[in-house]
Amino acid sequence: MLNEKSFKKFLSAFVIGALAISLPLNANAKRIHDSKVTTKSEARQKASKNKTVTVKRTDSILRPEITPHEILVNDSETNYTSYSEMYYEPENISVPETVSIYDTSIIGTPMATQEQCVRYLLNNNPFPELAVSAEEIVSYYYEEGAREGIRPDVAFAQALKETGFFKYGGDVIPEQNNYCGLGTTGGGVKGEFFATPQMGVRAHIQHLLAYSSTRRPLTPIIDPRYDIVRNTYGDRTLENWQDLNGRWAVPGRYYGQEILSMFKAILVQ
């Protein structure tokens with residue numbers, strides 16, 4: 001027999017679940033996607049003979065099929081907003097260890113140190129237009145990248161390319177905390193805004209994960225284009241940075257190669 005408190009919790013979860021089912025998907029894609037791509041990062045991971053690194057997760061996260069805005073619940077008794085009723089404990093994930101500078105995979109582990117990334121940035125722009133220090137922005141890339149199995153040093157190199165070493169000068173402005181051109185299409189379209197630098201980095205990493213894996217992020221999705229990419233690619237993924245050519249950036253003929261070139265420059269700092 002449900003007491004009044006238990007019944008209220010059950011009724012709240014039921015109503016929120018019903019609302020979640022009725023929410024529409026955003027259909028306004030801002031990027032160009034090639035439906036002919038057939039590479040799979042998952043297949044590479046299974047077949048890889050390289051050592052794998054296990055990323056341990058001890059904090060609770062949302063069930064993969066549920067996004068934050070669909071299940072936000074206000075707990076009037078404790079006076080805070082919580083997702084606790086919908087959480088579960090995820091399994092650890094394993095990613096192939098990156099051991100060669102010639103490895104062009106999006107998924108992997110860092111080869112460069114955080115100090116090398118900071119030095120490379122400051123050598124090219126001693127005064128980056130950031131709301132945090134160079135050390136902090138790099139640490140966010142390593143934290144968010146390690147969590148999702150995305151190579152943080154190469155993702156940081158991509159951010160440097162997209163922002164011109166955080167000098168900007170294009171449509172995106174520093175206040176957006178948008179380090180990868182999310183939502184920009186040129187012609188003055190600024191794209192997405194994120195509340196903090198770390199959230200901007202998280203969205204960047206989640207967007208890379210959307211292209212390179214069918215596994216959903218281990219944190220609530222804040223990349224507004226995540227589902228657009230996943231719905232477009234289905235069970236297909238992109239494996240290498242060069243696969244982003246003409247997709248992440250248009251025309252972007254050598255987009256991935258240029259990112260990898262910057263990554264190699266970081267390694268000699």
Checklist outcome for this item: From the list T109, T104, I107, side chain to side chain contact (heavy atoms under 4.5 Å, CB included) partner of T98 resolves to T109
Next on the checklist: Quick check against the 3.5 Å criterion: does N245 have a side-chain atom that pairs as donor or acceptor with the backbone of Q242?
Outcome noted: yes
Item to check | Any donor-acceptor N/O pair, E148 side chain to I205 backbone, under 3.5 Å | outcome: no
Item to check | Result of checking F156, Y211, Y226, Y141 against H204 for ring pair (Phe, Tyr, Trp, His ring centres under 6.0 Å) | outcome: Y141
Item to check | Donor-acceptor contact present, side-chain T163 to main-chain A159, <3.5 Å | outcome: yes
Item to check | Validation row: R202, R147 side chains within 4.5 angstrom (heavy atoms) | outcome: yes
Sequence neighbours left out, cut at 3.5 Å: what donor-acceptor pairs do the side chains of residues 258-269 make with other protein atoms?
residue	atom	partner	partner atom	Å
E258	OE1	K161	NZ	2.5
Q269	OE1	N123	ND2	2.8
Q269	NE2	A265	O	3.0

Checklist entry - Are side-chain N/O atoms of T219 and E144 paired as donor and acceptor at under 3.5 Å? => result no
Checklist entry - Less than 4.5 Å apart, any side-chain heavy atom of D103 and any of R151? => result yes
Item to check | Spacing of M199 atom CE and N177 atom CG [to the nearest 0.5 Å] | outcome: 10.0 Å
Item to check | I106 and D243, any side-chain heavy atoms less than 4.5 Å apart | outcome: no
Checklist entry - Is any side-chain heavy atom of C180 less than 4.5 Å from a side-chain heavy atom of V201? => result no
Next on the checklist: Quick test of your reading: applying ring pair (Phe, Tyr, Trp, His ring centres under 6.0 Å), list the pairs with at least one residue in residues 174-195, sequence neighbours left out, ordered by first then second residue.
Outcome noted: F166-Y179
Next on the checklist: Quick check: do L208 and Q158 have side-chain heavy atoms less than 4.5 Å from each other?
Outcome noted: yes
